[in-house]
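First the structure, in the form of C-alpha cells, and then the observations on it.
All ligand and atom numbering here is 1-based and tracks the order in the structure. On a predicted model such as this, the values are computed, not experimentally measured, just so you know. Position 1 is the first residue of the sequence, and the numbers go up from there.
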Amino acid sequence: MSHVTVVTPEHYNYGSMLIAGALRDLGHRVEIRKGFDGVNSGIVFISLQSTIHLLRYRDIINNMGGFRVVGGPVSIDPEMVFRYLDVDLVVMGEGEDKVGAVMELAAGNCKPEDVPGAAFRSPEGIVVIESSPCPMERPLPLVPGDISREDIRGASVYIETHRGCPGNCTFCQVPEFFGRKVRSRPLEDIIREVRELKASGARRFAISGGTGTLYGSSKFRGIDEDAFRDLLRRISEVTGRRNLTVPDIRVDMVNPKILEAISEYTNGWVFYGIESGSRRMLRKMKKGITPDQVVEAVELAREYNLRVAGSFIVGYPGEDEEDYRKTIELADELMLDDYFVSIAEPLPGTELGEEVRKLPEDENPVFMRSDERRFDSVAEERAFNLLLESYVFRSVPVPMTSRLLKSITEEVRQQQEHIRTVTWMLQGKL
Ligand code: SF4
C-alpha cells in the first residue's frame with residue numbers, strides 16, 4: 001500500500017475525485033487536496049484543468065519531489081505539458097482505469113510503455129501510448145471532507161452522467177477528449193454516486209458531460225427524452241429539485257419533453273450555448289445551429305416557465321463589426337434572464353487552438369488594436385460592450401452602478417489577459 005496524494009489546484013473537480021476513488025479501491029492510502037500546500041507523499045497525481053495552470057503552477061510542480069503524474073484536460077496536448085512541467089508521466093484523456101498501471105510504474109514494476117494512455121519523455125522525444133476509452137462503470141469518487149464549501153459556478157460538484165459529444169464545435173475539447181460517440185453511465189451508478197456525494201456534504205449538483213440532454217442517446221445527434229427524464233427525476237429525488245441544474249444545452253437538442261423534465265426536476269434554468277448572432281461565425285465555429293433555432297429554443301423554454309441563460313463568444317478570429325453587430329442584436333432580441341460573455345479561448349487540441357497557433361497578431365482580435373484607448377484590444381472592447389449591454393436588455397434590466405461597472409471592467413480585463421497568455425503559450429512564446 002502506498003501513500004498517494006491527488007492534487008487539484010483550485011477546485012475539487014470531478015475527475016480528481018474519481019482518480020482518488022480508483023486509487024483508494026486499489027488499497028492505497030489516498031489524500032485529495034485542493035492546492036499544493038502540505039503535499040508530502042512520494043506519489044502525486046496532479047489534475048490540471050486549464051492551460052494557464054501549466055504556467056501558474058510550473059515552479060511549484062517542478063520543485064516537488066516524488067513521482068509526479070499529470071492528468072486532466074491539459075493532457076490533451078502532452079508536448080505542451082512537458083514544455084512547462086518536469087513530471088514523470090502524463091496520463092492522456094480518461095484516466096480512472098489507468099491508475100493501477102501508473103502505480104506499478106511508480107513502484108518500478110513495469111515500464112512507461114506498459115501504461116495505456118501514457119505520454120513520457122524519451123531520448124527520442126515524447127512517446128505516446130495508445131489506449132481505449134474507460135468503461136462507464138467506475139469506482140465511487142473519493143469525496144473531500146470540505147466539499148460543502150466548494151463553489152464551481154454555483155455548484156458544489158459537477159457530476160458526469162455521460163461522455164462524448166457528436167458536436168463539432170471548433171472551440172471545444174469535449175469531442176477530442178471523450179470522443180464523438182455518447183457513452184452514458186448506468187443510472188443506478190449515478191444515483192449511488194449522488195447519494196455518496198450528498199452524504200459527504202455536497203449540496204448543489206450540476207450535470208456535466210458536454211451537452212446535458214444527450215444522456216442515454218444512442219444515435220448520432222439523437223436524444224432519448226425518456227432516459228433524460230428518468231435521469232433528472234431520480235437525481236432530484238436525492239438532491240431536491242432546487243439543488244439540481246443542467247448547464248450546457250444545445251438549442252437544437254431540446255424539445256417539449258426535455259424542457260418539461262427540466263422544469264419539473266431542476267431549479268428551473270436552461271443554459272444555452274448560443275455563441276454568436278452571425279450565421280457566418282456560427283458556421284466558422286462549426287456550431288451547427290442558426291440564430292433562428294436559438295430564438296425558437298428560447299421561446300420554447302419560456303413556454304415551460306424556465307429561466308434562460310445564454311453564453312456568447314466574441315473576439316473569435318475572423319469576427320468583423322457586422323458579425324459582432326448581429327450578436328448584439330440577437331442578444332438584445334432574446335431578452336434572456338442571464339448572459340455569459342467569453343472572449344474565444346484557443347484550447348489545445350481544438351481547431352480554434354490550431355488556427356490561433358498560426359494566426360498573426362494583427363489578425364487576432366485579442367491583439368488587434370481597439371479604436372477606444374481604454375481597451376487593449378478589439379476582443380476586450382466587444383466583450384465589455386456586450387456584457388454591459390446585457391444588463392440593459394435582460395428580462396429584468398439591472399441598473400448600472402459604479403460597482404457593477406468596475407466588476408465588468410475587471411472581468412473582461414482578466415479574460416483578455418488570460419487569452420493573450422494562453423495564446424502565447426500555444427505559440428511557444430512563453
Ligand atoms: S460545445 Fe457543446 S455541443 Fe459543441 S462540441 Fe462541445 S459539448 Fe458538444
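- A distance below 6.0 Å separates the ring centres of Phe393 and Tyr339.
- For atom 4 (Fe) of ligand 1, the set of nearby N, O or S atoms under 2.8 Å includes one belonging to Cys169.
- Taking the ring centre of Phe36 as origin, the terminal cationic atom of Arg33 falls outside the region bounded by 6.0 Å and 45° from the ring axis.
- A ring pair (Phe, Tyr, Trp, His ring centres under 6.0 Å) check over residues 243-293, counting only residues at least two apart or in different chains, returns the pairs Trp269-Phe271.
- For Glu351, the salt bridge (charged side-chain N to carboxylate O under 4.0 Å, His left out) partners at least two apart in sequence or on another chain are Lys286.
- Atoms of ligand 1 lying under 4.0 Å from any heavy atom of Thr211, numbered from 1 in the order shown and given with element: 2 (Fe), 3 (S).
- Of all atoms in ligand 1, numbered sequentially from 1 with element shown, those under 4.0 Å from a heavy atom of Arg250 are 3 (S).
- Close approach of ligand 1 to Pro175 (heavy-atom distance below 4.0 Å) involves ligand atoms 5 (S).
- For atom 8 (Fe) of ligand 1, the nearest non-hydrogen atom from the set Cys165, Gly288, Gly167, Cys172 comes from Cys165.
- Under the 6.0 Å cut-off for aromatic ring centres, Phe384 and Phe375 qualify, their centroids lying closer than that.
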